[in-house]
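On a predicted model such as this, the values are computed, not experimentally measured, just so you know. All heavy atoms count here, side chains included; hydrogens, waters and symmetry mates do not.
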Amino acid sequence: MTLIYFILILGFIVLIHEFGHYFFAKRAGIYVYEFSIGMGPRLLKWTRKNDETEYSLRLIPIGGYVQMAGEEIEDDPAVPKDKKFSVKTFGQKFMTVIAGIMNNFILAIILLFILALFNGAPQNKALVGKVDPDMPAYAAGLKEGDRILKLNDKKAENYDVFALELQVNSGKTITLEVERDGEHKLVTITPKKITEEEVYRYGFAINDEIKTGFFAALKYGFTKTASLFYQMVLTIFYLVTGSLGLKSFSGPVGIYNIVGQAASSGFWSLVSLTALLSVNVGFINLLPLPAFDGGRILFIIIEKISGKKVDPKLENTIHSIGFFLLLALMILITYNDIIRLIK
């Protein structure tokens, strides 16, 4: 069942992403050769009447693509010039490329809204919940109801950012700036090592209060998506600065394991995980790097500013190099995932 959930979740996210590209390509009158879900060998293929596009389902459920005329190096004389991606306006090309990213964020908002509508909207502030009287947080003076503002002088007012900052400082002494009864106080906590679990514990939880109602759920969909997006911005920053290593990230094997854990917690955990992964896919594709949608957007913007068309051979070479570097990174992260599972 974990394998089925894994394929369905990733396939659904990829489908929504690629449909964004496909929809705006068709709307712009671009000739689409293929709409593919998955990578590798083709399992299924079908076509529609009066539609040039081949619709494919491929073996590996990670990724997908929309192949459009005008992106290839060699010109295809069989396709009318006005139906090629390369001759379309800046706005048409920009929307065609960014639409997949937009769809991922919209999907996350909708899923989180549905989740909150049926289960209540968790508050996303970093409010201290229970404090264990036998742990360091209690001895340091942290109290239930304290609102966390900063962790080691870095803003951590919402749960997602606080969780990331705590991960970056895992096992270290932390100083929290909290608001209590209208006053700001500093609380310094040195974690306790739990030997049998090989983890460090501070001894407090975040308040899990929820709000119900349509508008609370709607607000949660937007604010939670924005919060996750900002968390990912910080994650990239900490990766570049070395505060987080590649071992903190998960590839397909790690995601498979996480899907299994979510499935054991029930349907709504899978919905929440799907929303999180959708934001991840949207954010990663927004990065202005070769092989990502963000890299393609960068070239479109360069063409607009310079007024000159980028050499297709050069652009494809850069994207190919980026793809192989991405593949190498994926292999390294997958290796770390496997070692983590073995341990």
Using the side-chain contact (heavy atoms from CB on, under 4.5 Å) rule, take Phe24 and Ile98 through it: C-alpha gap first, then chi angles, then the decisive distance, then the call.
CA-CA 9 Å; Phe24 278 91; Ile98 204 170; over 6 Å; no

With side-chain contact (heavy atoms from CB on, under 4.5 Å) as the test, would you mind laying out the steps for Glu157 and Lys125 before giving the verdict?
CA-CA 6 Å; Glu157 296 180 353; Lys125 295 177 182 177; over 6 Å; no

Any chance you could lay out the salt bridge (charged side-chain N to carboxylate O under 4.0 Å, His left out) test for Glu52 and Lys26, step after step, and finish with the verdict?
CA-CA 11 Å; Glu52 77 278 357; Lys26 288 288 190 180; 3.0 Å; yes

Decide side-chain contact (heavy atoms from CB on, under 4.5 Å) for Tyr238 and Glu165; before the verdict, give the C-alpha distance in whole Å, the side-chain angles of both, and the deciding distance to 0.1 Å.
CA-CA 10 Å; Tyr238 285 134; Glu165 294 292 350; 2.6 Å; yes

Show your reasoning for whether side-chain contact (heavy atoms from CB on, under 4.5 Å) applies to Val279 and Thr225.
CA-CA 7 Å; Val279 176; Thr225 300; 4.1 Å; yes

With salt bridge (charged side-chain N to carboxylate O under 4.0 Å, His left out) as the test, would you mind laying out the steps for Asp76 and Lys81 before giving the verdict?
CA-CA 9 Å; Asp76 185 353; Lys81 186 175 181 180; over 6 Å; no

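No donor-acceptor pair under 3.5 Å is formed between the side chain of Asn285 and the backbone N or O of Phe292. Of the possible polar contacts, none joining the Ser272 side chain to the Trp268 backbone as a donor-acceptor pair under 3.5 Å is found. Checking side-chain atoms of Ser278 against main-chain N and O of Thr274 turns up no donor-acceptor pair under 3.5 Å. A donor-acceptor pair is defined here as one N or O able to donate and one able to accept, closer than 3.5 Å; no such pair exists between the side chain of Ser56 and the backbone of Arg58. In terms of modelled atom types and a separation under 3.5 Å, the side chain of Ser227 and the main chain of Thr223 share no donor-acceptor contact. Using modelled atom types, no side-chain atom of Asn169 and backbone atom of Lys172 make a donor-acceptor pair closer than 3.5 Å. With hydrogens and angles disregarded, no donor-acceptor distance shorter than 3.5 Å links the side chain of Asn207 to the backbone of Leu127. Side-chain atoms of His21 come within 3.5 Å of backbone atoms of Thr96 as a donor-acceptor pair (strictly under, hydrogens ignored).
Around the CZ atom of Phe90, the shell of radius 6.0 Å holds more than 12 heavy atoms that belong to other residues, nucleotides or ligands. Around atom CG of Asp82, more than 12 heavy atoms belonging to other residues, nucleotides or ligands sit under 6.0 Å away. Heavy atoms of other residues, nucleotides or ligands lying less than 6.0 angstrom from OH of Tyr65 number more than 12. For Tyr138, the OH atom sits in a loose shell: 12 or fewer heavy atoms of surrounding residues, nucleotides or ligands are nearer than 6.0 Å.
The minimum heavy-atom distance linking Gly20 with Ala99 is given by the pair O-CB, 3.2 Å. For the pair Val271 and Leu111, the tightest heavy-atom approach, listed with the atom from each and the gap, is CG1-O, 3.9 Å. Scanning both residues, Ala275 and Ala108, for their nearest heavy atoms gives O-CB, 3.7 Å. Closest of all the heavy-atom pairs between Lys211 and Ala216 is CB-CB, 4.1 Å. What you find for Gly322 and Ala291 is that their closest heavy atoms are C-CB, 3.8 Å. The two residues Ala126 and Ala156 have their closest heavy-atom pair at CB-O, 3.5 Å.
Going from atom CE of Met95 over to atom CD1 of Ile300 covers 11.0 Å, rounded to the nearest 0.5 Å. Distance check: Arg147 CZ to Leu149 CG gives 6.0 Å after rounding to the nearest 0.5 Å. Distance check: Asn124 CG to Lys219 NZ gives 10.5 Å after rounding to the nearest 0.5 Å. Distance check: Ile258 CD1 to Phe6 CZ gives 10.5 Å after rounding to the nearest 0.5 Å. The distance from the CD atom of Gln261 to the OG1 atom of Thr2 is 10.0 Å, given to the nearest 0.5 Å. Atom CD1 in Ile284 sits 11.5 Å away from atom CG in Leu277 (nearest 0.5 Å).
Contact annotation: the side chain of Asn316 never approaches that of His319 to less than 4.5 Å [non-hydrogen atoms, C-beta and beyond]. Contact check for Ile206 versus Ile148: side-chain heavy atoms found under the 4.5 Å cut-off. Residues Lys88 and Ile30 form a side-chain contact, since some pair of their non-hydrogen atoms from C-beta on lies under 4.5 Å apart. Contact annotation: the side chain of Leu115 approaches that of Leu112 to within less than 4.5 Å [non-hydrogen atoms, C-beta and beyond]. Side-chain contact between Ile297 and Phe94 is present, with at least one heavy-atom pair separated by less than 4.5 Å. Using a 4.5 Å heavy-atom cutoff, the side chains of Ile9 and Leu270 are in contact. Residues Thr235 and Leu164 have side chains in contact (heavy-atom distance under 4.5 Å, counting atoms from C-beta outward). Side-chain contact check for Ile174 versus Thr188: every heavy-atom pair is 4.5 Å or farther apart.
Between the side chains of Tyr159 and Gln123, not a single donor N or O lies within less than 3.5 Å of an accepting N or O. A side-chain donor from one of Gln92 and Thr89 sits under 3.5 Å from a side-chain acceptor of the other. There is a side-chain donor-acceptor pair under 3.5 Å between Asn104 and His17.
Classification of the Phe19-Tyr22 ring pair by plane angle, with boundaries at 30° and 60°, yields tilted. Relative orientation of the Phe113 and Phe214 rings is perpendicular, given thresholds of 30° and 60° on the angle between their planes.
The pair Lys185-Glu183 counts as a salt bridge, with a side-chain nitrogen and a carboxylate oxygen less than 4.0 angstrom apart. Using a 4.0 Å cut-off between charged nitrogen and carboxylate oxygen, Lys143 and Asp181 do not count as a salt-bridge pair. Comment: Lys93 engages Glu303 in a salt bridge, judged by a side-chain N to carboxylate O separation of less than 4.0 angstrom. Salt-bridge check for Asp160 with Lys224: passed, with a basic side-chain N closer than 4.0 Å to an acidic carboxylate O.
Relative to the six-membered ring of Tyr55, Arg42 misses at least one condition, a distance below 6.0 Å or an angle of at most 45° to the axis.
Tracing side-chain contacts under 4.5 Å through hydrophobic residues (I, L, V, M, F, W, Y), one never reaches Ile318 starting from Ile301; they form parts of separate clusters. Put simply, Ile4 and Ile60 are part of the same group of oily side chains (I, L, V, M, F, W, Y) that touch within less than 4.5 Å, one to the next. Connection of Met135 to Tyr200 is not established within any shared hydrophobic cluster, with ILVMFWY side chains joined at heavy-atom distances below 4.5 Å, either directly or through further cluster members. In this structure, Tyr220 is a member of the same hydrophobic cluster as Leu107, with clusters built from ILVMFWY side-chain heavy atoms closer than 4.5 Å. Grouping the Ile, Leu, Val, Met, Phe, Trp and Tyr side chains by contacts below 4.5 angstrom, directly or via other members, places Leu166 apart from Met232.
Aromatic pair Tyr33/Tyr31: centroids less than 6.0 angstrom apart. Ring pair Phe105/Phe229: centre-to-centre distance below 6.0 Å.
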